[in-house]
Amino acid sequence: MKIVIIKYNAGNIRSVDFALQRLGISALITDDHDEIRSADRVIFPGVGEASTTMNYLKMHKLDALICDLKQPVLGVCLGLQLMCTHSEEGDTTCLGIFPERVRKFVALPDDSASFKIPHMGWNSVSDLKTSLFRGISEADYFYFVHSYYATTGADTAATCNYLVPFSAALQRDNFYATQFHPEKSGATGAKILGNFINLKV
Amino acid sequence: MLAKRIIPCLDIRDGQTVKGVNFVNIINVGDPVELGKLYAEQGADELVFLDITATHEGRKTFVELVKRIAQNLDIPFTVGGGISEIRDAEALLAAGADKISINSSAVRNPQLIDDLARNFGSQFVVVAIDAREAHNHWTVTVNGGRIPTDRELFSWAKEAESRGAGEILFTSMNHDGTKNGFANNELAKLSDSLTIPLIASGGAGSMEHFSDVFTLGKADAGLAASIFHFREIAIPDLKHYLRERGICVR
(Lines give C-alpha, C1' and ligand atoms only; values in the text may rest on other atoms or scores of the structure.)
Protein backbone atom coordinates (compact mmCIF):
# COMPACT_ATOMS: atom_id res chain seq x y z
CA MET A 1 0.00 0.00 0.00
CA LYS A 2 1.29 3.42 -0.96
CA ILE A 3 0.94 6.07 1.74
CA VAL A 4 1.76 9.67 0.86
CA ILE A 5 2.21 12.59 3.24
CA ILE A 6 1.73 15.88 1.39
CA LYS A 7 4.86 17.99 1.69
CA TYR A 8 4.28 21.70 2.05
CA ASN A 9 5.44 24.67 4.11
CA ALA A 10 4.05 23.43 7.43
CA GLY A 11 5.59 22.10 10.59
CA ASN A 12 4.94 18.71 12.11
CA ILE A 13 5.19 16.65 8.94
CA ARG A 14 8.05 14.52 10.29
CA SER A 15 6.03 13.67 13.42
CA VAL A 16 3.32 12.02 11.31
CA ASP A 17 5.99 10.09 9.41
CA PHE A 18 7.57 8.93 12.69
CA ALA A 19 4.15 7.83 14.02
CA LEU A 20 3.54 5.75 10.89
CA GLN A 21 7.02 4.24 11.20
CA ARG A 22 6.13 3.14 14.75
CA LEU A 23 3.20 1.24 13.16
CA GLY A 24 5.64 -0.35 10.74
CA ILE A 25 4.38 1.75 7.82
CA SER A 26 6.70 3.67 5.55
CA ALA A 27 5.27 6.76 3.90
CA LEU A 28 6.45 8.93 1.07
CA ILE A 29 6.69 12.66 1.87
CA THR A 30 6.20 14.48 -1.41
CA ASP A 31 4.56 17.39 -3.25
CA ASP A 32 4.71 15.57 -6.59
CA HIS A 33 1.24 15.55 -8.12
CA ASP A 34 1.52 12.13 -9.78
CA GLU A 35 2.84 10.52 -6.59
CA ILE A 36 -0.04 12.01 -4.58
CA ARG A 37 -2.68 11.01 -7.15
CA SER A 38 -1.45 7.43 -7.31
CA ALA A 39 -1.34 6.90 -3.53
CA ASP A 40 -3.73 4.55 -1.72
CA ARG A 41 -3.87 6.86 1.30
CA VAL A 42 -3.04 10.55 1.51
CA ILE A 43 -2.25 12.41 4.74
CA PHE A 44 -2.46 16.20 4.88
CA PRO A 45 -0.90 17.23 8.21
CA GLY A 46 0.24 20.58 9.44
CA VAL A 47 0.87 23.22 12.00
CA GLY A 48 1.02 26.78 10.75
CA GLU A 49 -0.90 29.86 9.71
CA ALA A 50 -3.94 29.45 7.43
CA SER A 51 -3.51 32.23 4.84
CA THR A 52 0.21 31.69 4.12
CA THR A 53 -0.37 27.95 3.90
CA MET A 54 -3.35 28.32 1.53
CA ASN A 55 -1.27 30.64 -0.66
CA TYR A 56 1.47 28.03 -0.78
CA LEU A 57 -1.02 25.31 -1.73
CA LYS A 58 -2.46 27.48 -4.52
CA MET A 59 0.98 28.42 -5.82
CA HIS A 60 1.85 24.73 -6.12
CA LYS A 61 -1.62 23.86 -7.47
CA LEU A 62 -2.08 21.48 -4.56
CA ASP A 63 -5.49 23.02 -3.71
CA ALA A 64 -7.33 21.63 -6.73
CA LEU A 65 -5.38 18.39 -6.52
CA ILE A 66 -6.44 17.71 -2.91
CA CYS A 67 -10.11 18.44 -3.66
CA ASP A 68 -10.09 16.00 -6.59
CA LEU A 69 -8.58 13.06 -4.69
CA LYS A 70 -10.75 9.91 -4.65
CA GLN A 71 -8.74 7.75 -2.21
CA PRO A 72 -9.05 8.18 1.59
CA VAL A 73 -7.51 11.50 2.68
CA LEU A 74 -6.73 12.40 6.31
CA GLY A 75 -6.27 16.05 7.30
CA VAL A 76 -4.68 16.79 10.67
CA CYS A 77 -4.95 20.02 12.71
CA LEU A 78 -4.36 22.86 10.22
CA GLY A 79 -5.11 20.23 7.56
CA LEU A 80 -8.66 19.92 8.95
CA GLN A 81 -9.09 23.69 9.06
CA LEU A 82 -7.88 24.16 5.48
CA MET A 83 -10.38 21.52 4.30
CA CYS A 84 -13.22 23.72 5.61
CA THR A 85 -14.86 26.59 3.70
CA HIS A 86 -13.36 29.64 5.34
CA SER A 87 -11.01 30.49 8.21
CA GLU A 88 -11.04 33.62 10.34
CA GLU A 89 -7.26 33.26 10.53
CA GLY A 90 -6.10 35.76 7.93
CA ASP A 91 -9.70 35.85 6.52
CA THR A 92 -8.82 32.89 4.33
CA THR A 93 -10.93 31.11 1.73
CA CYS A 94 -10.10 27.45 2.23
CA LEU A 95 -10.58 24.27 0.18
CA GLY A 96 -14.32 23.93 0.84
CA ILE A 97 -14.39 20.14 1.18
CA PHE A 98 -16.38 20.48 4.41
CA PRO A 99 -19.10 23.18 4.71
CA GLU A 100 -17.82 24.13 8.18
CA ARG A 101 -16.22 27.47 8.98
CA VAL A 102 -13.13 28.04 11.15
CA ARG A 103 -13.40 30.56 13.98
CA LYS A 104 -11.06 31.90 16.65
CA PHE A 105 -11.57 30.83 20.26
CA VAL A 106 -12.65 33.81 22.34
CA ALA A 107 -12.62 33.49 26.14
CA LEU A 108 -14.95 35.68 28.17
CA PRO A 109 -13.07 37.67 30.87
CA ASP A 110 -14.63 35.49 33.61
CA ASP A 111 -13.40 32.35 31.87
CA SER A 112 -9.85 33.41 31.12
CA ALA A 113 -8.23 31.49 34.01
CA SER A 114 -10.12 28.26 33.19
CA PHE A 115 -10.05 28.52 29.40
CA LYS A 116 -6.58 29.36 28.17
CA ILE A 117 -5.94 29.94 24.48
CA PRO A 118 -4.48 28.02 22.68
CA HIS A 119 -6.60 25.01 23.64
CA MET A 120 -3.55 22.96 24.55
CA GLY A 121 -3.40 19.51 26.06
CA TRP A 122 -5.45 16.33 26.30
CA ASN A 123 -9.21 16.43 25.88
CA SER A 124 -11.93 13.84 25.36
CA VAL A 125 -14.35 13.75 22.43
CA SER A 126 -17.96 12.61 22.05
CA ASP A 127 -20.53 11.52 19.43
CA LEU A 128 -17.95 9.39 17.65
CA LYS A 129 -18.85 8.50 14.07
CA THR A 130 -17.02 6.76 11.21
CA SER A 131 -14.70 3.76 11.38
CA LEU A 132 -11.82 6.13 12.16
CA PHE A 133 -12.92 5.74 15.79
CA ARG A 134 -13.22 1.94 15.76
CA GLY A 135 -12.03 0.59 19.13
CA ILE A 136 -12.06 4.07 20.70
CA SER A 137 -14.42 5.26 23.43
CA GLU A 138 -15.54 8.61 24.79
CA ALA A 139 -13.29 7.96 27.80
CA ASP A 140 -10.18 8.24 25.63
CA TYR A 141 -8.13 11.42 25.38
CA PHE A 142 -6.47 13.15 22.42
CA TYR A 143 -3.79 15.81 22.24
CA PHE A 144 -4.93 19.19 20.90
CA VAL A 145 -3.08 22.43 20.30
CA HIS A 146 -4.96 25.13 18.39
CA SER A 147 -6.39 28.64 18.68
CA TYR A 148 -8.97 28.26 15.89
CA TYR A 149 -11.73 25.66 15.64
CA ALA A 150 -14.13 24.28 13.04
CA THR A 151 -17.85 24.68 13.74
CA THR A 152 -20.06 21.60 14.04
CA GLY A 153 -22.46 20.36 11.36
CA ALA A 154 -23.58 17.41 9.29
CA ASP A 155 -19.99 16.26 8.62
CA THR A 156 -18.90 16.35 12.27
CA ALA A 157 -17.53 12.90 13.15
CA ALA A 158 -16.52 13.74 16.74
CA THR A 159 -17.28 16.70 18.97
CA CYS A 160 -15.05 18.31 21.58
CA ASN A 161 -16.11 20.94 24.08
CA TYR A 162 -13.85 23.86 24.88
CA LEU A 163 -15.60 27.21 25.39
CA VAL A 164 -17.91 25.99 22.60
CA PRO A 165 -18.66 22.60 21.01
CA PHE A 166 -16.44 22.22 17.94
CA SER A 167 -15.57 19.57 15.35
CA ALA A 168 -12.80 17.35 16.72
CA ALA A 169 -13.16 15.27 13.56
CA LEU A 170 -14.94 15.67 10.23
CA GLN A 171 -15.83 13.22 7.48
CA ARG A 172 -17.42 13.52 4.06
CA ASP A 173 -17.10 10.82 1.39
CA ASN A 174 -13.40 9.89 1.18
CA PHE A 175 -12.26 12.91 3.22
CA TYR A 176 -11.43 12.49 6.92
CA ALA A 177 -9.88 15.04 9.27
CA THR A 178 -8.99 15.42 12.94
CA GLN A 179 -8.34 18.63 14.86
CA PHE A 180 -6.30 16.67 17.43
CA HIS A 181 -2.89 15.22 16.66
CA PRO A 182 -3.17 11.41 16.36
CA GLU A 183 0.62 11.26 15.94
CA LYS A 184 1.03 12.76 19.43
CA SER A 185 -1.93 11.10 21.15
CA GLY A 186 -0.24 7.99 22.50
CA ALA A 187 -1.73 4.55 21.86
CA THR A 188 -5.19 6.04 21.15
CA GLY A 189 -3.78 8.23 18.41
CA ALA A 190 -1.89 5.30 16.91
CA LYS A 191 -5.22 3.46 16.71
CA ILE A 192 -6.72 6.36 14.69
CA LEU A 193 -3.83 6.24 12.21
CA GLY A 194 -4.15 2.45 11.99
CA ASN A 195 -7.91 2.72 11.40
CA PHE A 196 -7.32 5.25 8.63
CA ILE A 197 -4.78 3.04 6.90
CA ASN A 198 -7.15 0.04 7.21
CA LEU A 199 -10.31 1.82 5.96
CA LYS A 200 -12.39 -0.34 3.63
CA VAL A 201 -12.50 1.36 0.26
CA MET B 1 -12.98 18.34 29.62
CA LEU B 2 -9.42 19.54 29.15
CA ALA B 3 -7.21 17.45 31.43
CA LYS B 4 -4.60 18.89 33.79
CA ARG B 5 -1.18 17.81 32.58
CA ILE B 6 1.57 15.99 34.50
CA ILE B 7 5.00 16.69 33.04
CA PRO B 8 8.22 14.94 34.13
CA CYS B 9 11.37 16.92 33.36
CA LEU B 10 14.60 15.16 32.39
CA ASP B 11 18.00 16.82 32.67
CA ILE B 12 20.36 15.78 29.88
CA ARG B 13 24.12 16.10 29.80
CA ASP B 14 26.09 14.88 26.77
CA GLY B 15 23.07 12.90 25.58
CA GLN B 16 22.51 11.06 28.87
CA THR B 17 20.00 11.67 31.67
CA VAL B 18 21.58 13.13 34.77
CA LYS B 19 19.06 11.84 37.31
CA GLY B 20 16.93 8.74 37.20
CA VAL B 21 18.61 6.00 39.16
CA ASN B 22 15.76 4.07 40.72
CA PHE B 23 14.28 2.43 37.67
CA VAL B 24 14.24 -1.32 37.60
CA ASN B 25 12.29 -2.03 34.43
CA ILE B 26 14.58 -0.45 31.90
CA ILE B 27 18.02 -1.57 30.94
CA ASN B 28 19.71 1.74 30.34
CA VAL B 29 18.49 4.29 32.89
CA GLY B 30 20.87 6.84 31.41
CA ASP B 31 19.15 6.73 28.03
CA PRO B 32 16.63 9.61 27.80
CA VAL B 33 14.65 7.79 25.11
CA GLU B 34 14.14 4.69 27.28
CA LEU B 35 13.21 6.84 30.27
CA GLY B 36 10.90 9.00 28.16
CA LYS B 37 9.10 5.96 26.76
CA LEU B 38 8.65 4.56 30.25
CA TYR B 39 7.10 7.84 31.44
CA ALA B 40 4.83 7.92 28.39
CA GLU B 41 3.64 4.37 29.10
CA GLN B 42 2.95 5.33 32.72
CA GLY B 43 0.69 8.17 31.60
CA ALA B 44 2.90 11.26 31.52
CA ASP B 45 1.08 13.86 29.41
CA GLU B 46 4.17 15.57 28.07
CA LEU B 47 7.90 15.51 28.67
CA VAL B 48 10.50 18.23 28.99
CA PHE B 49 14.11 17.47 28.04
CA LEU B 50 16.49 20.09 29.36
CA ASP B 51 19.98 20.13 27.91
CA ILE B 52 22.47 21.17 30.59
CA THR B 53 25.50 20.47 28.40
CA ALA B 54 27.91 23.35 28.17
CA THR B 55 30.03 22.25 25.22
CA HIS B 56 29.44 22.64 21.49
CA GLU B 57 29.85 18.87 20.94
CA GLY B 58 27.27 18.20 23.65
CA ARG B 59 24.81 20.45 21.83
CA LYS B 60 25.20 18.50 18.62
CA THR B 61 24.64 15.27 20.56
CA PHE B 62 21.43 16.80 21.92
CA VAL B 63 20.02 17.53 18.44
CA GLU B 64 20.72 13.91 17.47
CA LEU B 65 19.01 12.81 20.67
CA VAL B 66 15.93 14.95 19.93
CA LYS B 67 15.51 13.12 16.63
CA ARG B 68 15.62 9.77 18.41
CA ILE B 69 13.09 11.00 20.97
CA ALA B 70 10.74 12.17 18.18
CA GLN B 71 10.99 8.79 16.46
CA ASN B 72 10.20 6.84 19.60
CA LEU B 73 7.85 8.98 21.67
CA ASP B 74 4.12 9.24 20.91
CA ILE B 75 3.34 12.16 23.25
CA PRO B 76 4.36 15.82 22.89
CA PHE B 77 7.73 16.94 24.18
CA THR B 78 9.49 20.22 24.85
CA VAL B 79 13.23 20.75 24.63
CA GLY B 80 15.18 23.49 26.29
CA GLY B 81 18.67 24.64 27.14
CA GLY B 82 21.06 26.77 25.15
CA ILE B 83 18.56 28.11 22.60
CA SER B 84 19.56 31.68 21.85
CA GLU B 85 19.04 32.05 18.11
CA ILE B 86 16.44 31.20 15.47
CA ARG B 87 18.76 28.64 13.93
CA ASP B 88 19.05 26.74 17.26
CA ALA B 89 15.26 26.43 17.28
CA GLU B 90 15.18 25.53 13.62
CA ALA B 91 17.55 22.60 14.17
CA LEU B 92 15.40 21.31 17.03
CA LEU B 93 12.17 21.69 15.03
CA ALA B 94 13.74 19.84 12.12
CA ALA B 95 14.77 17.09 14.53
CA GLY B 96 11.12 16.73 15.57
CA ALA B 97 10.69 18.77 18.77
CA ASP B 98 7.08 19.86 19.42
CA LYS B 99 8.03 22.89 21.50
CA ILE B 100 11.13 24.68 22.66
CA SER B 101 11.64 26.36 26.00
CA ILE B 102 13.69 29.54 26.34
CA ASN B 103 14.74 31.15 29.60
CA SER B 104 17.86 33.30 30.09
CA SER B 105 18.14 34.04 26.35
CA ALA B 106 14.62 35.51 26.34
CA VAL B 107 15.46 37.80 29.28
CA ARG B 108 18.65 38.97 27.58
CA ASN B 109 16.95 39.38 24.20
CA PRO B 110 13.13 39.58 24.50
CA GLN B 111 12.84 40.09 20.72
CA LEU B 112 13.78 36.38 20.44
CA ILE B 113 10.24 35.49 21.62
CA ASP B 114 8.67 37.58 18.81
CA ASP B 115 11.04 36.12 16.23
CA LEU B 116 10.45 32.50 17.29
CA ALA B 117 6.66 32.95 17.44
CA ARG B 118 6.58 34.59 14.01
CA ASN B 119 8.78 31.92 12.44
CA PHE B 120 7.38 28.78 14.05
CA GLY B 121 4.08 29.76 15.70
CA SER B 122 3.26 30.50 19.33
CA GLN B 123 2.45 26.85 20.05
CA PHE B 124 6.18 26.13 19.59
CA VAL B 125 7.43 28.69 22.12
CA VAL B 126 7.46 28.08 25.88
CA VAL B 127 8.95 30.89 27.95
CA ALA B 128 10.43 29.54 31.19
CA ILE B 129 10.80 32.00 34.07
CA ASP B 130 12.90 31.34 37.18
CA ALA B 131 12.02 33.86 39.88
CA ARG B 132 12.95 34.39 43.50
CA GLU B 133 10.94 36.26 46.13
CA ALA B 134 12.43 38.66 48.68
CA HIS B 135 10.49 41.33 50.57
CA ASN B 136 7.34 40.59 48.56
CA HIS B 137 9.12 41.24 45.29
CA TRP B 138 9.58 38.47 42.71
CA THR B 139 12.83 39.00 40.86
CA VAL B 140 13.41 37.16 37.59
CA THR B 141 16.74 35.31 37.65
CA VAL B 142 18.91 33.82 34.91
CA ASN B 143 21.59 31.12 34.68
CA GLY B 144 19.64 28.61 36.73
CA GLY B 145 18.64 31.09 39.40
CA ARG B 146 22.17 32.30 40.07
CA ILE B 147 21.96 35.81 38.60
CA PRO B 148 19.17 38.25 39.53
CA THR B 149 17.92 40.63 36.81
CA ASP B 150 16.04 43.92 37.00
CA ARG B 151 12.87 42.21 35.75
CA GLU B 152 9.84 41.37 37.86
CA LEU B 153 7.94 38.07 37.50
CA PHE B 154 4.39 39.24 36.74
CA SER B 155 5.24 41.99 34.28
CA TRP B 156 7.80 39.77 32.52
CA ALA B 157 5.24 36.95 32.13
CA LYS B 158 2.73 39.39 30.60
CA GLU B 159 5.39 40.79 28.29
CA ALA B 160 6.38 37.28 27.18
CA GLU B 161 2.71 36.54 26.45
CA SER B 162 2.23 39.71 24.42
CA ARG B 163 5.43 38.98 22.46
CA GLY B 164 3.96 35.66 21.35
CA ALA B 165 4.80 32.99 23.94
CA GLY B 166 2.44 30.02 23.73
CA GLU B 167 2.94 28.94 27.34
CA ILE B 168 4.64 30.14 30.52
CA LEU B 169 6.66 27.73 32.68
CA PHE B 170 7.17 29.36 36.08
CA THR B 171 9.68 27.97 38.58
CA SER B 172 9.79 29.49 42.05
CA MET B 173 13.42 29.37 43.18
CA ASN B 174 12.16 29.74 46.77
CA HIS B 175 10.19 26.51 46.44
CA ASP B 176 12.42 24.54 44.07
CA GLY B 177 14.01 21.54 45.80
CA THR B 178 12.13 22.09 49.08
CA LYS B 179 9.41 19.47 48.43
CA ASN B 180 7.07 21.69 50.46
CA GLY B 181 4.62 22.40 47.65
CA PHE B 182 4.30 24.79 44.73
CA ALA B 183 4.10 28.61 44.93
CA ASN B 184 0.31 28.50 44.72
CA ASN B 185 -0.45 32.16 45.51
CA GLU B 186 1.86 33.45 42.81
CA LEU B 187 0.71 30.77 40.37
CA ALA B 188 -2.94 31.70 40.85
CA LYS B 189 -2.12 35.38 40.36
CA LEU B 190 -0.17 34.54 37.20
CA SER B 191 -2.88 32.24 35.87
CA ASP B 192 -5.54 34.93 36.36
CA SER B 193 -3.45 37.51 34.54
CA LEU B 194 -2.45 35.29 31.58
CA THR B 195 -4.58 34.13 28.65
CA ILE B 196 -2.06 31.40 27.71
CA PRO B 197 -1.51 28.11 29.62
CA LEU B 198 0.66 28.08 32.74
CA ILE B 199 3.01 25.26 33.77
CA ALA B 200 3.92 25.17 37.47
CA SER B 201 7.36 24.03 38.59
CA GLY B 202 9.31 23.92 41.83
CA GLY B 203 8.36 22.41 45.17
CA ALA B 204 6.50 19.19 44.33
CA GLY B 205 6.95 16.69 47.17
CA SER B 206 3.62 14.90 47.51
CA MET B 207 0.48 14.05 45.57
CA GLU B 208 -1.42 16.65 47.60
CA HIS B 209 0.92 19.30 46.22
CA PHE B 210 -0.29 18.50 42.71
CA SER B 211 -3.91 18.62 43.77
CA ASP B 212 -3.20 22.03 45.36
CA VAL B 213 -1.38 23.42 42.34
CA PHE B 214 -4.36 22.65 40.09
CA THR B 215 -7.00 24.01 42.49
CA LEU B 216 -5.34 26.75 44.60
CA GLY B 217 -2.59 27.50 42.05
CA LYS B 218 -4.95 27.38 39.01
CA ALA B 219 -2.11 25.89 36.96
CA ASP B 220 -2.79 24.08 33.69
CA ALA B 221 0.13 21.68 34.11
CA GLY B 222 2.45 20.55 36.90
CA LEU B 223 6.10 19.80 36.25
CA ALA B 224 8.52 17.89 38.47
CA ALA B 225 11.78 15.98 38.19
CA SER B 226 13.27 14.17 41.17
CA ILE B 227 10.05 12.91 42.75
CA PHE B 228 9.33 11.03 39.53
CA HIS B 229 12.91 9.97 38.87
CA PHE B 230 13.41 8.64 42.39
CA ARG B 231 10.01 6.94 42.29
CA GLU B 232 8.69 8.83 45.28
CA ILE B 233 5.52 9.32 43.28
CA ALA B 234 4.40 6.98 40.49
CA ILE B 235 2.43 8.74 37.75
CA PRO B 236 -0.45 6.18 37.67
CA ASP B 237 -0.91 6.62 41.45
CA LEU B 238 -0.82 10.40 41.10
CA LYS B 239 -3.45 10.35 38.33
CA HIS B 240 -5.66 8.09 40.43
CA TYR B 241 -5.28 10.41 43.44
CA LEU B 242 -6.19 13.50 41.40
CA ARG B 243 -9.14 11.79 39.71
CA GLU B 244 -10.56 10.83 43.12
CA ARG B 245 -10.41 14.48 44.09
CA GLY B 246 -12.45 15.53 41.08
CA ILE B 247 -9.51 16.90 39.09
CA CYS B 248 -9.73 16.03 35.41
CA VAL B 249 -6.70 14.00 34.32
CA ARG B 250 -6.15 11.69 31.40
Side-chain angles (χ1 to χ4, degrees), chain A residues 10-23 46-49 52-53 77-78 89 105-107 109-126 139-147 160-163 180-191 193, chain B residues 1-7 37 40-46 66-77 90 93-99 117-124 126 161 165-168 187-199 217-221 248-250:
Chain A
N12 195 42
I13 286 176
R14 290 305 299 276
S15 303
V16 174
D17 185 32
F18 288 150
L20 292 172
Q21 283 175 27
R22 288 194 291 272
L23 293 171
V47 171
E49 198 273 333
T52 43
T53 312
C77 194
L78 182 65
E89 189 175 26
F105 280 122
V106 180
D110 291 352
D111 287 340
S112 61
S114 1
F115 292 100
K116 302 298 182 56
I117 298 165
H119 173 223
M120 184 186 283
W122 298 79
N123 211 332
S124 52
V125 298
S126 57
D140 289 319
Y141 280 82
F142 296 96
Y143 186 76
F144 290 85
V145 49
H146 58 126
S147 300
C160 182
N161 256 292
Y162 192 75
L163 287 161
F180 54 81
H181 289 274
E183 75 281 10
K184 288 286 164 185
S185 294
T188 315
K191 223 180 268 180
L193 290 174
Chain B
M1 206 171 148
L2 183 64
K4 299 291 188 182
R5 288 172 279 157
I6 302 295
I7 309 178
K37 275 173 77 173
E41 281 159 23
Q42 288 183 345
D45 297 303
E46 269 182 58
V66 168
K67 190 176 172 197
R68 224 157 49 81
I69 294 167
Q71 283 168 330
N72 287 284
L73 214 61
D74 59 6
I75 60 169
F77 69 100
E90 211 157 36
L93 176 69
D98 296 297
K99 310 176 196 178
R118 201 180 49 246
N119 277 278
F120 310 113
S122 285
Q123 87 292 331
F124 188 61
V126 181
E161 172 181 281
E167 263 180 311
I168 299 289
L187 284 160
K189 196 173 153 190
L190 267 180
S191 191
D192 283 336
S193 76
L194 295 171
T195 62
I196 55 175
L198 174 65
I199 306 168
K218 300 184 182 179
D220 300 288
C248 178
V249 288
R250 179 171 68 106

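Chain naming here is simple, since letters A, B, ... match the order of the sequence lines and numbering starts at 1 in each. Computation of the quantities below employed the complete heavy-atom set of this structure, encompassing side-chain atoms and omitting hydrogens, waters and symmetry-equivalent molecules.
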**Message:** If you count heavy-atom pairs within less than 4.5 Å of chain A, which of Asn72(B), Asp45(B), Val249(B) leads?
**Reply:** Asp45(B)
**Request:** Look only at the side chain of Trp122(A) and the backbone of Leu2(B), and say whether a donor-acceptor pair between them is shorter than 3.5 Å.
**Result:** no
**Asked** What heavy-atom pair brings Ile196(B) and Pro118(A) nearest, and what distance separates the two atoms?
**Response** CG2-CD, 4.4 Å
**Fill in**
Applying a strict 4.5 Å limit to non-hydrogen atoms, the region of His146(A) in contact with chain B is neither
**Fill in**
The reported gap from CZ in Phe142(A) to CZ in Arg250(B) (rounded to nearest 0.5 angstrom) is 11.0 Å
**Asked** Looking at Ala97(B), Ala188(B), Pro76(B), which has the largest count of heavy-atom pairs under 4.5 Å with chain A?
**Response** Pro76(B)
**Prompt:** By a 4.5 Å heavy-atom criterion (distance strictly below it), what part of Ala40(B) contacts chain A: side chain, backbone, both, or neither?
**Reply:** neither
**Asked** If you measure from CG on Asp74(B) to OG on Ser15(A), what distance do you get to the nearest 0.5 Å?
**Response** 11.5 Å
**Prompt:** Can you name the closest pair of heavy atoms from Tyr141(A) and Met1(B) and give their distance?
**Reply:** CE2-O, 3.7 Å
**Item:** Engaged part of Ser124(A) at the chain B interface, taking heavy atoms whose separation is under 4.5 Å
**Value:** both
**Message:** Quick check on Leu73(B) against chain A: is it the side chain, the backbone, both or neither that has a heavy atom closer than 4.5 Å?
**Reply:** backbone
**Request:** Examine whether an atom of Glu41(B) lies under 4.5 Å from a heavy atom of chain A, and if so say whether it belongs to the side chain, the backbone or both; otherwise answer neither.
**Result:** neither
**Residue pair Lys116(A), Glu167(B): steps toward the side-chain contact (heavy atoms from CB on, under 4.5 Å) verdict** = CA-CA 10 Å; Lys116(A) 302 298 182 56; Glu167(B) 263 180 311; over 6 Å; no
**Asked** How many angstroms lie between atom CG of Leu194(B) and atom CD1 of Ile117(A), to the nearest 0.5 angstrom?
**Response** 12.5 Å
**Side-chain donor or acceptor of Arg22(A) paired with backbone N/O of Gln71(B) under 3.5 Å** = yes
**Asked** Can you say whether Ala139(A) sits under 4.5 Å from chain B via the side chain, the backbone, both, or neither, judging by heavy atoms?
**Response** neither
**Prompt:** Is it the side chain or the backbone of Arg5(B) that comes within 4.5 Å of chain A heavy atoms, both, or neither?
**Reply:** side chain
**Fill in**
Okay, Ala95(B) and chain A: the region with an atom under 4.5 Å from a heavy atom over there is backbone
**Item:** Lys/Arg N to Asp/Glu carboxylate O, Lys184(A) vs Asp98(B), below 4.0 Å
**Value:** yes
**Request:** Any chance you could measure Glu49(A), atom CD, to Arg118(B), atom CZ, to the nearest 0.5 Å?
**Result:** 13.0 Å
**Request:** Decide side-chain contact (heavy atoms from CB on, under 4.5 Å) for Gln123(B) and Val47(A); before the verdict, give the C-alpha distance in whole Å, the side-chain angles of both, and the deciding distance to 0.1 Å.
**Result:** CA-CA 9 Å; Gln123(B) 87 292 331; Val47(A) 171; 3.1 Å; yes
